[in-house]
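Worksheet: the structure to be examined is printed underneath.
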Amino acid sequence: MYRRDDLDLTHTPMFSQMEGFVVGEGISLADLKGTVEAFARDMFGEKPRLRFRPSFFPYTEPSAELDISCWQCNGAGCAMCKRTGWLELLGCGMVHPAVFEAVGYDVEKYTGFAWGMGIERAAILRYHVDDIRMFFENDLRFLEQFPY
């Protein structure tokens, strides 16, 4: 994927995205929150703090971002987290009813949620990589340290 984004320690205009999508009867915001929190805990353990904050994505309403406390400064604020103590992990939200209407789903019966995150972002958080740009420099000494 490509997006207009400034290149820095945690952002790059080129990225690979992993997405999740759930649709069914009675799917709620609590289901979304529980799913992405369980994913984050499985991926990063119990130590990092997590927070949801409101956001905007055109195909979900409500929308949120899941942040994780910065591994480098433990939430105190550093260059990695732009002095906030937090790093964005993923974007998520409840599927907008207009999306269901567009594909012919009964919006009175079905709800759902979606989430997406950059694979490189997850890797810098899981493996404590100082700079996301290292994934794109083709340095085999760096790349070969990660398990398949």
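No hydrogens, no waters, no symmetry mates; every other heavy atom, side chains included, goes into these values.
Across every non-hydrogen atom of Ser69 and Pro48, the tightest pair is OG-CA, 3.5 Å. When all heavy atoms of Gln72 and Cys78 are compared, the closest pair comes out as OE1-SG, 3.6 Å. Nearest heavy-atom pair, Gly26 versus Asp31, reported as atom, atom and distance to 0.1 Å: O-OD2, 3.6 Å. Pairing each heavy atom of Arg49 with each of Gly75, the nearest pair is NH2-CA, 3.8 Å. Scanning both residues, Val23 and Ile27, for their nearest heavy atoms gives C-CG1, 4.2 Å. The two residues Leu32 and Cys92 have their closest heavy-atom pair at CD1-CB, 3.8 Å.
How far CD of Glu88 is from CZ of Arg51: 10.5 Å, rounded to the nearest 0.5 Å. For the atom pair Glu120 CD and Met18 CE, the distance stands at 10.5 Å (nearest 0.5 Å). Within the model, atoms CG of Leu143 and CZ of Phe135 stand 7.5 Å from one another, a figure rounded to the nearest 0.5 Å. Considering CE of Met80 and CD1 of Ile132, their distance stands at 9.0 Å, rounded to 0.5 Å. In this structure, the separation between CG on Leu66 and CG on Leu89 is 5.0 Å, given to the nearest 0.5 Å. Taking CG of Asp67 as the start and CG of Leu87 as the end, the distance is 8.0 Å to the nearest 0.5 Å.
By the neighbour-count criterion of 12 heavy atoms within 6.0 Å, atom CD of Glu108 is sparsely surrounded, having that number or fewer from other residues, nucleotides or ligands. Atom OH of Tyr127 has more than 12 heavy atoms from other residues, nucleotides or ligands within 6.0 Å.
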Test log, rule ring pair (Phe, Tyr, Trp, His ring centres under 6.0 Å), inputs Trp71 and Phe44:
CA-CA 10 Å; Trp71 63 267; Phe44 305 106; over 10 Å; no
Check the pair Phe39, Met117 against side-chain contact (heavy atoms from CB on, under 4.5 Å), reporting the backbone distance first and the verdict last.
CA-CA 12 Å; Phe39 169 78; Met117 72 176 206; 3.5 Å; yes
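Under a hydrophobic clustering in which Ile, Leu, Val, Met, Phe, Trp and Tyr are joined whenever their side-chain heavy atoms come within less than 4.5 Å, directly or via other members, Ile119 and Trp115 fall into the same cluster. Grouping the Ile, Leu, Val, Met, Phe, Trp and Tyr side chains by contacts below 4.5 angstrom, directly or via other members, places Met94 apart from Phe57. Hydrophobic clustering places Ile124 together with Leu50 (ILVMFWY residues linked when any side-chain heavy atoms are closer than 4.5 Å, directly or through intermediates). Cluster annotation: Phe142 and Leu125 are assigned to the same hydrophobic cluster (Ile/Leu/Val/Met/Phe/Trp/Tyr, side-chain heavy-atom contacts under 4.5 Å, transitive). A continuous path of ILVMFWY side-chain contacts below 4.5 Å connects Leu90 to Val129, so both sit in one hydrophobic cluster.
Side-chain atoms of Arg126 come within 3.5 Å of backbone atoms of Met43 as a donor-acceptor pair (strictly under, hydrogens ignored). Side chain of Glu137 to main chain of Met134: no donor-acceptor pair is present (N/O by atom type, distance under 3.5 Å, no hydrogens or angles).
Taking the six-membered ring wherever Trp is involved, the centroid distance between the rings of Tyr105 and Tyr110 falls below 6.0 Å.
Counting heavy atoms from C-beta on, the side chains of Val22 and Thr35 never come closer than 4.5 Å.
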